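Predicted, not measured: the structure shown is a model, and the values here were computed from it. Just so it is clear: chains get the letters A, B, ... in the order the sequence lines come, proteins before strands, and each one is counted from 1.
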There are 2 protein chains.
Amino acid sequence: MSKKSVPAASDTETRATSEHAPDLRLWLRMLACTNLIENHIRSRLRAEFDITLPRFDLMSQLERSPQGLKMGELSKRMMVTGGNVTGITDQLVGEGLVIREDSPKDRRAYLVKLTPEGRRSFRKMADAHEKWILELFSGMDEAQRGQLYGLLAALKTSASRTTAK
Amino acid sequence: MSKKSVPAASDTETRATSEHAPDLRLWLRMLACTNLIENHIRSRLRAEFDITLPRFDLMSQLERSPQGLKMGELSKRMMVTGGNVTGITDQLVGEGLVIREDSPKDRRAYLVKLTPEGRRSFRKMADAHEKWILELFSGMDEAQRGQLYGLLAALKTSASRTTAK
DNA sequence: ATGAAAATATCGACCCCTAAAGTATCAAAA
DNA sequence: TTTTGATACTTTAGGGGTCGATATTTTCAT
């Protein structure tokens with residue numbers, strides 16, 4: 001029901017060979033995993049709710065900030081550029097899921113908020129989304145998931161050091 | 001030198017709160033890590049070699065298959081759609097890094113290959129690329145990287161089961 | 001052989017994303 | 001006050017990605 005024209009099977013990790021540095025293989029495996037899961041989520045969101053992942057992500061941010069968020073805040077939290085947020089917000093406004101309110105404090109800024117319909121709609125999607133994730137990770141036991149969580153924290157720290165320079 | 005208009009700091013993981021299912025937080029953390037690293041690689045490739053990640057990936061596939069690959073093979077291995085491969089290949093052909101040869105066996109198909117210049121160019125970039133990865137993972141010790149590698153194998157298996165249905 | 005079904009690749013419409021430049025507002029110093 | 005500089009957002013140009021439709025060739029059952 002997902003994945004049709006996207007082959008999705010053969011694996012980006014194909015790129016890795018024994019001659020490659022172990023770290024490179026590690027990275028390619030991680031990338032393959034992430035893409036696999038992300039593509040799956042993406043196509044289920046589209047198939048079952050007719051929404052894109054970026055739109056879902058934006059709504060997800062708003063749901064946790066009922067007071068509204070400025071465009072710049074959204075940009076930071078979603079780790080995308082401002083111009084990108086403009087476009088996604090436009091779409092969601094057009095669908096009636098989100099509104100741009102003028103900020104009372106700063107006439108340059110908006111406060112973006114979920115509409116009541118947006119909130120309702122998001123709750124339904126978020127429930128399904130969480131179930132899908134559960135399912136995708138269900139092949140790992142509790143201990144494994146805990147370990148992975150910890151290791152990713154270490155990786156994030158490691159990468160952030162390099163990245164921040 | 002990287003990351004300018006992209007905030008990149010505040011973290012996608014912001015989306016996760018204590019009230020979320022642990023699996024969801026795990027997934028969001030993984031996504032944040034991957035994006036962090038991928039964006040870093042992406043901008044360094046651009047800054048230092050004026051090439052995009054997808055183009056680099058395609059060349060990477062070809063480098064390991066000197067006999068050439070059909071468009072469909074590339075599509076499978078890169079986990080993207082055929083239409084997408086058409087576009088990226090066009091670009092690389094335009095830059096003289098790659099050629100489309102008619103397949104002798106099947107008149108519908110091409111064999112895409114690296115040109116000599118493409119091969120030369122790729123080796124340089126691949127060396128740098130590998131160094132960057134090493135650097136990004138350098139904050140983890142050998143044991144941690146090994147563990148992570150194993151856990152990702154488990155995750156891949158788990159996710160593939162769901163994904164394949 | 002032939003004719004239908006499957007496979008290979010391209011195209012067009014549309015969304016996501018970035019970098020760079022532009023507009024408007026704010027804040028603070030001269 | 002005026003200017004200067006930073007902030008908040010939009011716009012534009014261009015690459016990346018999907019899907020669905022199309023054209024061509026191959027395959028295979030009849």
Side-chain angles (χ1 to χ4, degrees), chain A residues 1-8 12 35 38-47 50-58 68-95 100-112, chain B residues 1-8 12 35 38-47 49-58 68-76 78-95 100-112:
Chain A
M1 166 235 62
S2 39
K3 242 32 77 39
K4 214 163 301 176
S5 15
V6 183
T12 299
N35 286 339
E38 195 170 1
N39 284 338
H40 182 71
I41 296 296
R42 211 180 278 276
S43 57
R44 287 195 83 159
L45 276 177
R46 202 163 52 69
D50 194 36
I51 199 175
T52 63
L53 184 51
R55 265 125 90 162
F56 177 79
D57 281 346
L58 194 153
L69 288 174
K70 296 195 294 180
M71 302 295 277
E73 291 277 350
L74 281 168
S75 169
K76 270 201 211 61
R77 300 194 189 199
M78 298 174 72
M79 295 207 294
V80 298
T81 54
N84 193 2
V85 172
T86 297
I88 298 172
T89 302
D90 285 348
Q91 299 278 356
L92 287 171
V93 167
E95 295 171 12
R100 263 191 261 239
E101 274 181 12
D102 292 325
S103 165
K105 294 307 228 177
D106 186 338
R107 282 194 316 197
R108 294 168 301 180
Y110 303 118
L111 281 178
V112 184
Chain B
M1 164 234 62
S2 42
K3 243 36 75 40
K4 213 166 298 175
S5 15
V6 182
T12 300
N35 286 339
E38 195 170 1
N39 284 337
H40 181 72
I41 296 296
R42 211 180 278 276
S43 57
R44 287 194 84 159
L45 277 177
R46 163 186 299 290
F49 298 106
D50 193 36
I51 199 176
T52 63
L53 185 51
R55 286 187 286 261
F56 177 79
D57 281 346
L58 194 153
L69 288 174
K70 295 195 294 181
M71 303 296 277
E73 291 276 352
L74 280 168
S75 169
K76 270 199 210 60
M78 298 174 72
M79 296 207 294
V80 298
T81 55
N84 191 1
V85 172
T86 297
I88 298 173
T89 301
D90 285 349
Q91 299 278 355
L92 287 171
V93 168
E95 294 171 12
R100 261 189 263 239
E101 275 181 12
D102 293 324
S103 164
K105 292 306 228 179
D106 187 338
R107 284 195 315 203
R108 293 168 300 183
Y110 303 119
L111 280 178
V112 185

Protein-nucleotides 4-8 of chain C N/O pairs under 3.5 Å:
residue : atom : partner   : partner atom : Å
dA7(C)  : N3   : Arg108(B) : NH1          : 2.7

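- Between Asn84(B) atom CG and dC15(C) atom P there is a gap of 17 Å when expressed in whole angstrom units.
- A donor-acceptor pair under 3.5 Å is formed between the side chain of Ser43(B) and the backbone N or O of Asn39(B).
- Between the CD atom of Glu101(A) and the C1' atom of dA8(D) there is a distance of 17 Å, rounded to whole Å.
- The side chain to side chain donor-acceptor pair (under 3.5 Å) check on Asp102(A) picks up nothing, with sequence neighbours excluded.
- Rounded to an integer number of Å, the gap from CG of Leu58(B) to C1' of dG15(D) is 14 Å.
- With rounding to whole Å, Leu45(B) atom CG is found 15 Å from dG16(D) atom C1'.
- Residues Pro104(B) and Leu111(B) are in side-chain contact: their nearest non-hydrogen atoms beyond the backbone lie under 4.5 Å apart.
- If you take CG of Asp102(A) and P of dT25(C), they are 11 Å apart, rounded to a whole angstrom.
- Residue-to-nucleotide proximity on DNA chain C shows that, of Arg55(A) and Lys105(A), the 5′-proximal contact is made by Arg55(A).
- When rounded to the nearest whole Å, the span between CG of Asn35(B) and C1' of dC16(C) equals 13 Å.
- Residue contacts shown for Thr86(A) include a base, since a base heavy atom lies under 4.0 Å away.
- Taking the side chain of Arg107(A) as heavy atoms from C-beta on, and the options dC16(C), dA9(C), dC26(C), the nearest nucleotide is dC26(C).
- Note: CD1 (Ile51(A)) to C1' (dC19(D)) measures 18 Å, nearest angstrom.
- Positionally, the nearest nucleotide of DNA chain D for Leu69(A) lies more toward the 5' end than for the other of Arg46(A) and Leu69(A).
- In this structure, the side chains of Thr52(A) and Gln91(A) stay at 4.5 Å or more apart for every pair of heavy atoms.
- Between Ser103(A) and dA8(D), a side-chain N or O to OP1/OP2 separation shorter than 4.0 Å is absent.
- Heavy-atom distances to DNA chain C give each of Leu111(B) and Ile88(A) a nearest nucleotide, and the one nearer the 5′ end belongs to Leu111(B).
- Distances shown here put a side-chain N or O of Arg100(B) below 4.0 Å from the OP1 or OP2 atom of dT10(C).
- Residues Ile41(A) and Glu38(A) form no side-chain contact, since every pair of their non-hydrogen atoms from C-beta on lies 4.5 Å or further apart.
- Taking every side-chain heavy atom of Val80(A) into account, dT18(C) is the closest of dT18(C), dC15(C), dT25(C).
- Taking CG of Asp106(B) as the start and NZ of Lys70(B) as the end, the distance is 5.5 Å to the nearest 0.5 Å.
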Just do the side-chain contact (heavy atoms from CB on, under 4.5 Å) check on Arg44(B) and His40(B) with the steps written out, would you?
CA-CA 6 Å; Arg44(B) 287 194 84 159; His40(B) 181 72; 3.4 Å; yes
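- Across dT18(C), dT18(D), dC16(C), the shortest atom-to-atom separation from the side chain of Thr81(A) is found for dT18(C).
- Put simply, CZ on Arg42(A) is 11 Å from C1' on dC17(C), counting in whole angstrom units.
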